[in-house]
Amino acid sequence: MRLTFLGLGLLFTGLGFLGALLPILPSTPFFLVAAYLFSRSHPRLEAWLLSLPQVGPLVKNYRQGLGIPKRTKILATVLALGAASISTYGLPHPAGQVAVVLLIAYGIYYIWKRVPSGSACPP
């Protein structure tokens, strides 16, 4: 299981760095998942991730209950709605379309109602 978590942690770290370069892909959620996976598999990689100046404060703030930046929530919402639109258009079966819409709606609900937007979070 450690090896699986390590591999997934590396994958999500790569997606996080890709998100830092591409304006349409948020990086914070990927780094949060990567930090969690590294905490379960490779503490040295977790420490490295937390030591990065642009990433470490975001993950530490989230872990301390300060949440994620409001800007990240807005970007995640816009991207989720765009993905839902493309997916519902591309799926031929109505049940699949409903499932996508419900999953995206729950994800948006979760980040806005369950995850705080702390004022100490960097923009």
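When a residue number appears, it is its place in the shown sequence, counting from 1.
Residues Val100 and Leu102 are members of separate hydrophobic clusters, defined by side-chain heavy-atom contacts under 4.5 angstrom among Ile, Leu, Val, Met, Phe, Trp and Tyr. Taking hydrophobic clusters as Ile, Leu, Val, Met, Phe, Trp and Tyr residues chained together by side-chain heavy-atom distances below 4.5 Å, Ile74 shares a cluster with Ile104. Leu32 and Tyr106 fall within the same hydrophobic cluster, where Ile, Leu, Val, Met, Phe, Trp and Tyr residues are linked whenever their side-chain heavy atoms come under 4.5 Å apart, directly or through other members. Hydrophobic clustering (ILVMFWY, side-chain heavy atoms < 4.5 Å, transitive): Tyr110 and Val101 are in distinct clusters.
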Inset, instruction - Tell me, with the steps shown, if Tyr62 and Val115 meet side chain to side chain contact (heavy atoms under 4.5 Å, CB included). - result: CA-CA 9 Å; Tyr62 182 80; Val115 177; 3.7 Å; yes
Inset, instruction - Please report the C-alpha distance between Lys70 and Trp112 in whole Å, then the side-chain angles of each, then the deciding distance to 0.1 Å, and finally whether the side chain to side chain contact (heavy atoms under 4.5 Å, CB included) criterion is met. - result: CA-CA 9 Å; Lys70 189 173 184 179; Trp112 283 100; 4.2 Å; yes
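Expressed to the nearest 0.5 Å, how far CG of Leu58 lies from CZ of Phe31 amounts to 9.0 Å. For the atom pair OG1 (Thr4) and CE (Met1), the distance works out to 5.5 Å, reported to the nearest 0.5 Å. Between the CG atom of Leu37 and the CG atom of Leu6 there is a distance of 9.5 Å, given to the nearest 0.5 Å. From Ser41, atom OG reaches atom OH of Tyr36 across 10.5 Å, with rounding to the nearest 0.5 Å. One finds the CD atom of Glu46 at 11.0 Å from the OG1 atom of Thr13 (value rounded to the nearest 0.5 Å). A distance of 5.0 Å separates CZ in Arg63 from CG in Leu50, rounded to the nearest 0.5 Å.
For the pair His42/Phe5, no side-chain contact is recorded, criterion being any heavy-atom separation below 4.5 Å from C-beta on. Taking 4.5 Å as the limit, some side-chain heavy atom of Leu81 sits within range of a side-chain heavy atom of Ile108. With contacts defined as side-chain heavy-atom distances shorter than 4.5 Å, the pair Leu10/Leu45 qualifies.
Heavy-atom minimum distance, Ser117 versus Lys73: OG-NZ, 2.8 Å. Closest approach of Ser27 to Gly16, counting heavy atoms only: CB-O, 3.1 Å. The shortest non-hydrogen separation linking Ala34 to Gly9 is CB-O, 3.6 Å.
With hydrogens and angles ignored, the 3.5 Å screen pairs a side-chain donor or acceptor of Gln97 with a backbone N or O of Leu91. When atom types are taken as modelled, the side chain of Lys60 and the backbone of Val55 share no donor-acceptor pair closer than 3.5 angstrom. Of the possible donor and acceptor atoms, one in the side chain of Ser51 sits under 3.5 Å from a partner among the backbone N and O of Trp48.
Aromatic ring centres of Phe30 and Phe17 lie farther apart than the 6.0 Å criterion allows.
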